[in-house]
Every structure is written in structure tokens, then in C-alpha cells.
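What follows is a set of notes on a single structure, which appears directly below.
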Amino acid sequence: MRPVIFFVRLMVCSLLLILGAIASAQAEPAHGIAMYGAPALPPDFVALPYVNPDAPKGGRVVTGNTGGFDSVNPFVQKGTPPWQLRYLTHESLLYRSQDEPFTLYGLLAESVEVPEDRSWVEFTLRPEARFSDGSPVTVEDVIWSLETLGTQGNARYLTFWTQVDAIEQTGPRSLRINFRDPDRELPLIAGLRPILKKAQWQGKTFAEATLEEAPIGTAPYVIESFEASRNVVLKRNPDYWGKDLPIRRGTNNFDEIRIEFYGDTNVLFEAFKAGEISYLREFNAEKWARDYDFPAMQDGRVLQSEIADGTPSGITGFVFNTRRPPFDDIRVRDALIHAFNFEFINETMTGSRQPRITSYFSGSDLGMQPGPADPAVAALLEPFKDEIPEEALTGYALPVADGSARNRGNLRKAMALLKDAGFTIERGRMMRPDGTPFTFEILLRQGSTEQISIIDLYRDALSRLGIGVKVSTVDDAQYELRQVDFDFDMTHIRRAFSLSPGNEQRLYWGSEAADLPGSRNLMGVKSPAIDGMIDAMLAASDETAFRDAVRALDRLLTTGRYVIPIQRFDKSMIAHDAALHHPERIPIYGDSVYFLPEVWWMDK
């Protein structure tokens, strides 16, 4: 019997070795990787197609943020850093093309290698890759960065690490990451993780990084100086290691980028009018048409540019915290969505110039389609039909008001929904089923003037239902802390999506993230159906299956009534110094941070 067992074990081991050899034989080092199909650019490309490869270098650009900052480390949970630092001071193994749905090309890594099932990924570093202090980027730095961010970093980095089975050095400049379960996107996520210098943090607690110490990066810009909550000055590193790479040609053209901080959006706008900052992104179409007729615009020193964007709408609005009653009741959320008089608010705020977000992926082929779910989407949803809103299968559209300030029809519907949920009216006040008044708090960031104006109009409508609303505006530090602890009833939410949504969807609305402090699942949703659609999306082997899964996910999120959507931004409205220029060709992600300021330049 023992010889037979030995023989069987030998055959199994041999088979595993053969299968491993086949998988390795199928994998070849490549200059880039795409979510589906092959990268659009060949290995010998000379520049990205949407840049001006001969853009002049030089000049200073000044941008403005609202609020403040108390950290210059964008990789830990603690503190509030300027959001731009992640993109300007640090790089990753691979670089994302802004002209393809989800394709990455080598940056710190000269090549990437994956098998057919993408159960592992191997990167080979460029020998010339350097940190800003001149030290080489090593495999040890990469492994330390992935593990440290995955265990001590910001919540957005934690989920990926749980899917790593092993990581090991395979050569002087190469490393391999094995995944617990094959996933088409995981190699790409690994390639986008920021790389930090291990030696900088020896003997220190990374998660407790102080304001005085900024992480050393490899990117074209380094922090020259900063004054907490006032400004950050970044200088282009003249010794930047990658300036001659084709993927960097025509990018990072400014010698200096200065980030100034202002109390609110009104002060920021006045600073722009006064010439204190170089450009301003406008998010209100009415203001864009009405308020930009100032002297610098009239005499041509300032220009208005409208840049089309091909991405899904994403979701922007006000999110319910379903961890707390009564927002755990879909009827209550539905009632409050009916009470939100979007048509009147949109006319007041934007002159009805901006369309409403109708679903999380609206404006793209990934969005839910009108009417009943088509057969492929319905087949995905059918196993969960007893636990999901009926409209996910039959069709759903947001309530539409008549445009008047009173919104009587929708308020009657809201009252009926609340009554069905056990609420009553006593002496003009809406009472919960337990007999206490229905009041709740809306948490907003100080300086968010447009959000505050929208909520002021909304609060008037809720008062007609007898609902009491407290609006709390807090500083950046308190706002971030309360969101980390999910200490709110309702707050503002904005989630921007690409044309290739992936594992980040678990962090946004996955059940495992719902109670993880600092997670981006602000709504607190725990839905096996939503988890199932994310699984189906990530397991899709072709673009059709992927699209159907995202459409199914969109239906569940939209019909779940977790967010009150507001207007969408279907184009980027940028007012800027006339000396600033951008390439004629606009990539599909033309509104991204990579496009401005990365590929803009200034007249000499």
C-alpha cells in the first residue's frame, strides 16, 4: 500500500510542477498590462498620445484648496494632508494611461509579468529608479511599502494586502506577489501602490508620522517648504531619475507648484479673481456663466476652458448612515429622497444647467438602463430577488418634482412612506414609531458653501414634513475624524469612478468594510447581493460580462436609496491664467488630476 501512496504523491507533485511550468511558460514580461485585452501603446512608444512631447519646462503654478492640513503624509490614517501630495511626490511601479479604460505602463518597473489566470504578478525594477535623495529603489523598498501600507496605512490600502498570499524577491531587481484567489485586477492594483523608502522609517512608527516628516518619494516633485494649514511649496527635482522616460515626456512641466489654503470657496474665488492663484475648477454651471465677467477675464489675462470627460457620473450627494435608525429603513430613505426637491434646487443653484446624477454609473455604457433589467443583468440579480428592492429587476427612476418650491406631490408621497414606516404627526411634528420627535444631523465641512446652500433649501422642505434638521459645519480635522468613526446621520459624499471599476468597490460598499473605521463605505451597507455583484464584476473574463455585472451593481446601489444624488459634472470647467496651456487632444480621463497640472505647461 505504501508504494502505491508514494507513487500517487509523486504523480501529483509532477503534475503540479508541469502545470506550474506551463503557467510560467505562458507568462512573458511586458511593458504594460490592461484589464482586458492588450495595451494600446507598443513597447517602443515615444510619448503618451495626449501630451505635448515638446512642452516647454518652467514657470510657477499656484492652486488653491479650501480648509487646512495638519499632515504631509498622505499614506496613513492619522491627519489631514493636502490631497495632491499622493500624486505629485510619489510614484508607483506602473503608471496609468489617461486615454485607456484601465491600462498601466512601466514606471518604477521596467516590466510586468502575469500568467493567464493572474494568480501572481512579477515586477522587474528599472536599474535607474531613484528616490529624491538619490538612493536607489530596491526590491526591499517595494516589499516593505506594500506590507506597511497594507497593515499600517490608510484604510484604502488595507483590503489589497488581505488578498496577498506571499511576496518574495525573485532576483536582484525583481519580486513576485502570489494572490490568495486569482483576480484580473489585483496585478494592476499592486502596480499602482505608492513606493516609499524603507530606511527612512527604521526605528519609527510609520502610522504615527508627524507633521515635520514627509515621506521620501521618487516623483518629479519634492516638498520645499510648508506652513500648516496655509501653504505647501513643491519644487521640480532637477535630478529626477525618470525625466527621460517616454512615459514622462511632455509631463511635469512646471518648476514650482504652490498650494494655498483658503477658508471657503468664496474666499478661494476672490483670490483667483485677484490673480493670487493660477487656475480654478468650477463645479457650478450657473456661476460659470454668471460670475466670471471680471477685469482679468475681460482683458484676456484669464481664460475659461471646458474639457469633456468620458467617465461615468460617479455619485455625488448626501449619504444616509444606515447603521443608525431610522435610516436603516428603506422607506424612510425613500421618503427623504422624495422630499429633496432637486428640480427647484438645481434651478436655484445652477440655473438648471447641470443634469442630475441618475445612477452611480450614469453617463456611460456601464450605467443601469431604463426599464426592467435585461436578461443577462436579471440573471445575476435573480438569486437575490427576495432580499433586494423589487425595482432592481422591474426598473427605477428618481422622483421628479414639478419645479415649484412647494413640491406638494412628492411631499405627499414622502408622508405616505413615513406613515407606512410607523411615523405619525403630532402637533405639526413628525414622530418616530417610539414616540420621539424625528430629528437628525447633517454633517458638513466648513467652507463647503454650495453644499450648505443646498441643505438650507432641503431643510425648509423637511420642516414642512415636521422633521427637524441640525446642520453641523466643522473644521477639516473634526470632519475627517467624524467620518472615520461614522459619527453622522447624513453627510456629503463624492465618489468618482473610472471606466474600469474594480476592487475599490468593496471598500465603497462591501459588507466587510461597513464597520471598518476609516473605510469609505460611509452608508454602512451590508448586502450579500451587492457583494455578489462585486464578485461577479471582478471575476468577469470579458468586457460583456464585466459590463453586465456593473449594471447589476448600479441597479442595487441606486434602488437601495443610500444617497440623495445631486447634479453631475459632465465636463470640467477650468478658468486659468492665459499663459497656461493644455494639449489639443483630450484623453478620456480629461478631468483627472493627472491631466491638470501634469500635462499642462506655461508660456516662457
Side-chain angles (χ1 to χ4, degrees), residues 264-266 284 286 316-352 354 356-357 398-474 479 482 487-493 522-523 561-567:
D264 58 42
T265 53
N266 289 329
N284 186 298
E286 172 70 2
T316 302
F318 301 97
V319 59
F320 300 103
N321 186 354
T322 66
R323 303 171 187 85
R324 298 181 174 184
F327 303 119
D328 55 347
D329 189 327
I330 192 172
R331 295 168 296 182
V332 175
R333 302 196 299 271
D334 197 11
L336 297 188
I337 290 174
H338 275 83
F340 188 85
N341 189 355
F342 173 78
E343 285 67 31
F344 176 74
I345 292 172
N346 195 34
E347 171 63 29
T348 303
M349 299 297 300
T350 77
S352 297
Q354 292 173 242
R356 190 177 196 181
I357 293 170
L398 289 163
V400 177
D402 60 10
S404 69
R406 301 298 293 177
N407 192 27
R408 286 190 177 92
N410 281 338
L411 287 181
R412 283 194 295 269
K413 177 64 174 176
M415 187 70 76
L417 286 163
L418 290 169
K419 181 179 179 181
D420 186 54
F423 288 73
T424 57
I425 289 287
E426 295 182 15
R427 297 178 183 177
R429 301 181 72 184
M430 184 67 68
M431 309 300 289
R432 299 174 186 246
D434 63 3
T436 60
F438 183 13
T439 62
F440 68 93
E441 179 191 31
I442 302 177
L443 175 70
L444 297 175
R445 190 193 300 267
Q446 274 181 358
S448 53
T449 53
E450 182 165 327
Q451 296 167 27
I452 294 169
S453 297
I454 291 173
I455 289 299
D456 284 342
L457 294 169
Y458 185 38
R459 181 163 53 176
D460 291 342
L462 293 175
S463 68
R464 293 199 290 275
L465 287 172
I467 299 173
V469 176
K470 175 186 176 183
V471 179
S472 297
T473 55
V474 299
Y479 185 77
R482 291 189 61 179
D487 181 19
F488 59 87
D489 294 321
M490 178 186 287
T491 191
H492 183 260
I493 187 173
L522 292 181
M523 58 187 64
R561 281 88 155 178
Y562 303 110
V563 173
I564 303 174
I566 57 174
Q567 66 272 14

* Can you tell me which residue pairs pass the salt bridge (Lys or Arg N to Asp or Glu O under 4.0 Å) test with a partner in residues 398-411, sequence neighbours excluded? => none
* Can you tell me which residue pairs pass the salt bridge (Lys or Arg N to Asp or Glu O under 4.0 Å) test with a partner in residues 429-458, sequence neighbours excluded? => E441-R482, R445-D476, R445-E480, D456-R459
Atom pair [atom1]/[atom2] of [X] and [Y] - distance to nearest 0.5 Å:
X    : Y    : atom1 : atom2 : answer
I564 : T316 : CD1   : OG1   : 13.5 Å
Q354 : N284 : CD    : CG    : 6.0 Å
Y458 : S463 : OH    : OG    : 11.5 Å
F327 : L336 : CZ    : CG    : 6.0 Å
E343 : N407 : CD    : CG    : 8.0 Å
D328 : R323 : CG    : CZ    : 12.0 Å

For [X] versus [Y], what's the shortest heavy-atom pair and its separation?
X    : Y    : value
R356 : P399 : NH1-O, 3.7 Å
A414 : A335 : CB-O, 3.3 Å
P565 : L398 : CG-CD1, 3.9 Å
L465 : A339 : CD1-CB, 3.9 Å
N341 : A405 : ND2-O, 3.6 Å

Is the backbone N or O of [Y] less than 3.5 Å from a side-chain atom of [X], with the two atoms forming a donor-acceptor pair by type?
X    : Y    : value
D329 : L418 : no
N321 : D487 : no
R333 : R561 : yes

* Looking at residues at least two apart in the chain, or sitting in another chain, which of them share a salt bridge (Lys or Arg N to Asp or Glu O under 4.0 Å) with D420? ->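 By the salt bridge (Lys or Arg N to Asp or Glu O under 4.0 Å) rule, D420 matches R331.
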Mind checking what makes ring-ring contact (aromatic ring centres under 6.0 Å, His included) contact with [X], not counting sequence neighbours?
X    : result
F318 : H492
F488 : none
Y562 : none

* Is a side-chain donor-acceptor pair under 3.5 Å present for E347 with S352? ->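 A pair is found: one side chain offers a donor N or O, the other an acceptor, under 3.5 Å apart.
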* To do: For side-chain contact (heavy atoms from CB on, under 4.5 Å), just list the numbers for M490 and V469, CA-CA rounded to whole Å, side-chain angles, deciding distance to a tenth of an Å, and then say yes or no.
  => CA-CA 10 Å; M490 178 186 287; V469 176; over 6 Å; no
* Should the pair F438 and F423 be assigned to parallel (<30°), tilted (30 to 60°) or perpendicular (>60°) ring geometry? ->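 Ring orientation, 0 to 90° scale: tilted.
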